[in-house]
Amino acid sequence: MELKRFYKTQREVAEVINFLVDSYWADELTEEILVDVVWKLHNDNPGKIIKMIDFTTVLKQQCGKRRLDVIARILNLSLK
């Protein structure tokens, strides 16, 4: 999967998050790379990840709780 900096839809961002977290869990990515890429993804696509102090509905549906827990910990978020 090719990682871009800017994504058109929330669904594309969800696919990238799934790929990143699954790759990390499979020991295909180091923790440092995961953290770095997640921060860049968030900085370049903030409205597609978080709205109204919570993850977007599309991300919740596509990524699931366990993956979003990892992302929330990386971004130091205390979400619902």
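- To the nearest 0.5 Å, atom CG of residue Leu20 and atom CG of residue Leu29 are 6.5 Å apart.
- Between Leu59 atom CG and Glu15 atom CD the span is 11.0 Å, to the nearest 0.5 Å.
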Report all side-chain donor-acceptor pairs from residues 32-42 shorter than 3.5 Å, counting only partners two or more places apart or in another chain.
residue	atom	partner	partner atom	Å
Asp36	OD2	Lys40	NZ	3.3
Trp39	NE1	Ile74	O	3.3

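- With rounding to the nearest 0.5 Å, the separation of CZ in Arg11 from CD in Gln62 is 4.5 Å.
- When each of Val16, Ile71, Leu68 is paired with Val21, the side-chain contact (heavy atoms from CB on, under 4.5 Å) condition holds for Ile71 and for no other.
- Taking every heavy atom of both residues into account, Tyr24 and Glu31 meet most closely at OH-OE1, 3.4 Å.
- Arg5 meets the side-chain hydrogen bond (donor to acceptor under 3.5 Å, both in side chains) test with Asp44; sequence neighbours excluded.
- Residues Thr56 and Gly47 share a closest heavy-atom pair of CG2-O, 4.0 Å.
- By the 4.5 Å heavy-atom criterion applied to side chains, Asp22 and Arg67 are counted as neighbours.
- Summarising the geometry, atom OH belonging to Tyr7 is positioned 11.5 Å from atom NZ belonging to Lys48; distances are rounded to the nearest 0.5 Å.
- Side-chain atoms of Glu12 come within 3.5 Å of backbone atoms of Lys8 as a donor-acceptor pair (strictly under, hydrogens ignored).
- Stacking of Arg66 on the aromatic ring of Trp25 is recorded, both the 6.0 Å distance cut-off and the 45° axial limit being met.
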